[in-house]
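Working notes for the structure below.
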Amino acid sequence: MFLGVFLDNQHKVIACEELFRGTIDGASVYPREVVKTALQHNAAALIFAHNHPSGISQPSQADRVITEKLKSALALIDIRVLDHFVVGEAVYSFAEHGLL
């Protein structure tokens, strides 16, 4: 499951939505759909979260790539990505690890 938390200028939550649902080993995430939903909510910022059914919270290379794609696509319309959490047995924060 891939979630988006949509925030206003004050970083207050506007909405939290399941954006994509995957299979046991992956989910397709489409930046175009994320941008569309962010604009519908009039969001100023976003936080992403997704789970790893394996329990390993370390982000994969695909996680890093899609986070960069989302960050770049949203930056074009002045929406900031504040963090991306990978949830397994623990929680990994992209922001805490300097990846955003």
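Since this is a predicted model, take the numbers as computed values, not measurements.
For Ser93 against Phe85, the heavy-atom pair with the smallest separation is CB-CE2, 3.8 Å. Ser60 and His52 get closest at one heavy-atom pair: N-CE1, 4.3 Å. Heavy-atom minimum distance, Glu17 versus Thr37: OE1-CG2, 3.8 Å. Of all the heavy atoms in Phe48 and Gly4, the pair that sits closest is CD2-CA, 4.3 Å. Closest approach of Leu100 to Lys71, counting heavy atoms only: C-NZ, 3.5 Å. Of all non-hydrogen atoms in Gly88 and Ser57, the two that sit nearest each other are N-CB, 3.8 Å.
A side-chain donor-acceptor contact under 3.5 Å links Asp83 to the backbone of Phe94.
Counting only heavy atoms from C-beta outward, the side chains of Leu19 and Tyr30 never approach each other to under 4.5 Å.
Ring pair Phe2/His84 is perpendicular by interplanar angle, where above 60° counts as perpendicular and below 30° as parallel.
One hydrophobic cluster holds both Ile77 and Val81 under the rule that ILVMFWY side chains link at heavy-atom gaps under 4.5 Å. In this structure, Val86 is a member of the same hydrophobic cluster as Phe20, with clusters built from ILVMFWY side-chain heavy atoms closer than 4.5 Å. Grouping the Ile, Leu, Val, Met, Phe, Trp and Tyr side chains by contacts below 4.5 angstrom, directly or via other members, places Ile47 apart from Leu99. If you chain together hydrophobic residues whose side chains sit under 4.5 Å apart, Val34 and Ile79 fall into the same group.
Clustering of Ile, Leu, Val, Met, Phe, Trp and Tyr by side-chain heavy atoms under 4.5 Å joins Ile56 with none of the others.
The environment of Glu89 atom CD is sparse: at most 12 non-hydrogen atoms of other residues, nucleotides or ligands sit within 6.0 angstrom.
Applying the ring pair (Phe, Tyr, Trp, His ring centres under 6.0 Å) criterion to Phe6, with sequence neighbours excluded, gives His41.
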Evaluation steps, side chain to side chain contact (heavy atoms under 4.5 Å, CB included), between Leu70 and Leu46: CA-CA 10 Å; Leu70 291 168; Leu46 262 156; over 6 Å; no

Val13 vs Leu7, side chain to side chain contact (heavy atoms under 4.5 Å, CB included): CA-CA, chis, key distance, verdict: CA-CA 5 Å; Val13 176; Leu7 308 165; 3.8 Å; yes

Criterion side chain to side chain contact (heavy atoms under 4.5 Å, CB included) on Gln58 and His97, from CA distance to verdict: CA-CA 11 Å; Gln58 194 70 19; His97 289 88; over 6 Å; no

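Atom-to-atom distance recorded for Glu33:CD and Lys36:NZ is 4.0 Å, nearest 0.5 angstrom. How far CG of Asn42 is from CG of Asp8: 9.5 Å, rounded to the nearest 0.5 Å. We find the NE2-CG distance between His50 and Leu3 to be 10.5 Å, quoted to the nearest 0.5 Å.
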